[in-house]
Structures are given as structure tokens and as C-alpha cells.
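Because only heavy atoms are used, hydrogens play no part in the values below, and waters and symmetry mates are left out as well, while side chains stay in. Computed from a predicted structure; not experimentally measured.
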Amino acid sequence: MPDLDSYEKTMEVLNKYDFHFKKKYGQNFLINPHILEDIAEGAEISEYDTVTEIGPGIGALTQHLAEAAGRVICIELDDRLVPILHDTLSGYDNVTIINDDVLEVDFEKLFEQEKITGSVKFVANLPYYITTPIILGLLQKDIPFDSITVMVQREVAERMQAKPGTPEYGALTLAVEFYTEPEILFTVKPENFIPRPKVESAVITLHRKELTDEEKAIQGPLFKTVRAAFNQRRKTLVNAIYNAGISDLSKQEMENAMWNSCITTTWRAEVLSLKDYIRLAEVLKVK
């Protein structure tokens, strides 16, 4: 049974190993058993699932995941936590611990080595400073998964569900909408962590969509267009995309194509919907 779900037990482990938090890792460990249970339940894990947990810390959430899943693969960047995890998870024979940077992991190769088949679900309490690169990496690298359930800064969770025309709307919003159906499950106060973060958190699940052949074909040009627009979001669309050099069309040809598709050339990145961006990538013949 899970036994790392309180402040006292967490401090006992940290003191045993003389572990000190390093700011560069953005580590905030959950110490509320109810929230740990809610994350595991929100991820809808069954004995048939393989769970890949990013940043397991000392293994508090991992224990709950291991109770429900067939397999749990933990990817932990901080090598100081690896011996702690081998200790705290020693009672679970369905857990594999990997010391690596999730941004560098070849998941196709990893799943092949671990003989993983069937449903894969990602679960993580993500460091705030690196949330977006991790989420975008999982979504855009064609990694096979059913869902991603993550604890993130509340503002980031809201950004994933933002609407066009709002300040929160951006490339992350569009990637989440294109690849998944997002659902914010609940928010979490700072006092549920050690050390306490300065902001509220939220747990969000991203349910992966099955892409059509047309969507698979357009995803490369689509996100080149999105990145070009938001990399220079203060510029007009036509200037931002022309400057990025992602199309062989002249600037005048771009303007004509946009007007013919009912896209105003003076609009800026945050105005367009996902459907608008797909149409824009097509009419501009983005490479």
C-alpha cells in the first residue's frame, strides 16, 4: 500500500538520504494523499495499462500508480533521487526506474526495449519551467499514448483551453486542441506541496484524438505556420509568415491567397482559430 503520502513521511525519507531541493529542477513534492489518489483516479488507469511517469520524485504518486497499473516506467532526471526510488518502490515488482532527461528519451525505442504493448498513459507532476517543451514534445513526436494526465501551473492549464483572441491563446493551445481533448480535473493549493510553490496548480488530462489521414498530412505545415505566427506575434500574419521563409510564395501572392480565403492579412497570431491555421497552411503552400 502507498506509504509516502504525508508531510511527515516525506520528510522522513528526505532526511534519511540528506536530500536537498535544487531550484534548477523545479521540484515540488505532493504531500496530500487525497490529491495523489485523485490524480491516479483521474488518469483512469487499469491493470491493462502501462503508465510512464515523468519526474516521480521520491515515488509518492508512483506508489498509487503501481497499485492500479500493469506497468509503471519512471523517468527521473535528478540522479540523487534514483537510489531513493529504488528504496521507496522496492515493494513493487511492476516498476522500472530510468535516470534520463524526458526531452531526450526515444520513446519508440524505450517501449520496444521494455516490450510495452497496448495502452500507454503518461502521468506527471511537471516542473513549471519546462512544462510546455515536455507537453509539445509528447504531442508532436508521434509517441503512442492514450492520455496525458499532468499537474501544471494553473495558468498553463487554462492556456491549454484558451480561446482565440485572448492573451493566454498560443501555440500550446493549438497543439493541445489539434492532438487531444483537454479536461481540467481540479486545482491544487500551494500548501499541498513541499516546498510550497508561489502559485496554484491544476491537474489536466489530455485525451488523444485519432487523426485522419488529412490531419496527419497537414500537421507539419500547420505547426510551421503556427510557430512562424507566434514567434513574431506582434507582427501582422503576412509579415510574420513571410519573414519565416516557410513558403515559396511571394509576399503579394501570400496576401492574395489570404484574402481569397477570407483571412485578413493584418490580423495577428492570436486571432485565428485552429481551422483558420489549417486553411492558412494549405493556401500558403507551406513546405
Side-chain angles (χ1 to χ4, degrees), residues 103 106-108 120 122 131-148 150 152 155-184 204-287:
L103 295 176
D106 182 336
F107 281 99
E108 184 177 355
V120 176
F122 283 89
T131 295
T132 297
I134 290 176
I135 294 294
L136 289 178
L138 294 177
L139 294 179
Q140 297 181 333
K141 289 182 180 178
D142 198 28
I143 298 168
F145 69 85
D146 285 357
S147 64
I148 302 173
V150 289
V152 297
E155 287 77 4
V156 175
E158 291 171 348
R159 195 186 311 159
M160 293 185 195
Q161 292 188 316
K163 301 299 182 184
T166 62
E168 297 79 17
Y169 188 72
L172 177 61
T173 317
L174 288 156
V176 167
E177 182 181 355
F178 183 78
Y179 290 105
T180 75
E181 294 179 359
E183 177 187 7
I184 295 178
I204 185 169
T205 292
L206 310 177
H207 303 278
R208 188 176 191 126
K209 296 177 182 175
E210 286 294 330
L211 298 184
T212 65
D213 290 340
E214 292 78 9
E215 288 170 331
K216 291 177 182 178
I218 196 62
Q219 60 183 325
L222 167 63
F223 287 104
K224 284 184 181 180
T225 307
V226 169
R227 284 192 295 271
F230 282 98
N231 283 346
Q232 300 186 58
R233 64 186 302 162
R234 293 186 179 181
K235 293 186 178 293
T236 61
L237 273 173
V238 68
N239 285 331
I241 295 172
Y242 179 73
N243 292 343
I246 59 175
S247 170
D248 290 331
L249 297 183
S250 68
K251 188 173 180 180
Q252 185 60 58
E253 288 172 329
M254 284 187 178
E255 290 178 343
N256 293 340
M258 290 170 70
W259 280 112
N260 290 337
S261 298
C262 300
I263 298 173
T264 302
T265 58
T266 55
W267 283 350
R268 285 175 169 77
E270 65 272 12
V271 174
L272 273 67
S273 68
L274 176 60
K275 290 183 179 179
D276 292 331
Y277 271 107
I278 292 173
R279 188 166 75 254
L280 186 61
E282 291 172 340
V283 300
L284 296 186
K285 301 177 182 178
V286 174
K287 300 176 286 186

Legend entry - With Thr132, the side chain to side chain contact (heavy atoms under 4.5 Å, CB included) member among Ile135, Leu136, Ile134: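 Exactly one candidate clears the test, Leu136.
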Quick one: side chains of residues 220-229, donor-acceptor pairs under 3.5 Å with protein atoms, not counting sequence neighbours, listed by atom name and distance.
unit_1 : atom_1 : unit_2 : atom_2 : d
Lys224 : NZ     : Lys287 : O      : 2.8
Thr225 : OG1    : Pro221 : O      : 2.8

Between [atom1] on residue [X] and [atom2] on residue [Y], distance to nearest 0.5 Å:
| X | Y | atom1 | atom2 | result |
| --- | --- | --- | --- | --- |
| Leu280 | Ile241 | CG | CD1 | 4.0 Å |
| Leu284 | Ile263 | CG | CD1 | 7.0 Å |
| Tyr242 | Lys235 | OH | NZ | 13.0 Å |
| Leu272 | Arg279 | CG | CZ | 7.5 Å |
| Leu206 | Ile184 | CG | CD1 | 10.0 Å |

Not counting sequence neighbours, which residues clear side chain to side chain donor-acceptor pair (under 3.5 Å) with [X]? List them please.
| X | result |
| --- | --- |
| Glu183 | His207 |
| Lys251 | Asn239 |
| Thr205 | Thr149 |

Inset, instruction - Go through the steps to decide whether Asp248 and Lys285 satisfy the test side-chain contact (heavy atoms from CB on, under 4.5 Å), and finish with yes or no. - result: CA-CA 8 Å; Asp248 290 331; Lys285 301 177 182 178; over 6 Å; no
Legend entry - Set of residues satisfying side chain to side chain contact (heavy atoms under 4.5 Å, CB included) with respect to Gln252, sequence neighbours excluded: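 Gln252 satisfies side chain to side chain contact (heavy atoms under 4.5 Å, CB included) with Ser250, Glu255, Asn256 once adjacent residues are dropped.
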Inset, instruction - Can you sort out the partners of Glu108 under side chain to side chain contact (heavy atoms under 4.5 Å, CB included), two or more places apart, ordered by chain and number? - result: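 With neighbours one apart ignored, the set is Asp106.
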Inset, instruction - Taking the side chain as every heavy atom from C-beta outward, state whether Val120 and Phe107 have any atom pair closer than 4.5 Å. - result: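 Of all side-chain heavy-atom pairs linking Phe107 with Val120, none is under 4.5 Å.
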Inset, instruction - Find out whether Asn260 and Val283 are in side-chain contact, i.e. whether some heavy atom of one side chain is under 4.5 Å from a heavy atom of the other. - result: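 Result no, sub-4.5 Å side-chain heavy-atom pair not found.
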Legend entry - Pair listing, side chain to side chain donor-acceptor pair (under 3.5 Å) test, anchored in residues 261-275, at least two apart: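 Output for this query lists Ser273-Asp276.
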Legend entry - Contact list for residues 159-181, test side chain to side chain donor-acceptor pair (under 3.5 Å), sequence neighbours left out: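 Matches after skipping sequence neighbours: Tyr179-Gln219.
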For a quick test of reading the model, state the closest non-hydrogen atom pair linking [X] to [Y] and the distance between them.
| X | Y | result |
| --- | --- | --- |
| Ile143 | Arg208 | O-NH1, 2.7 Å |
| Phe145 | Leu139 | CZ-CD2, 3.9 Å |
| Ala281 | Ile218 | CB-CD1, 4.3 Å |

Inset, instruction - Would you please test Ile204 and Val156 for side-chain contact (heavy atoms from CB on, under 4.5 Å) and show each step? - result: CA-CA 10 Å; Ile204 185 169; Val156 175; over 6 Å; no
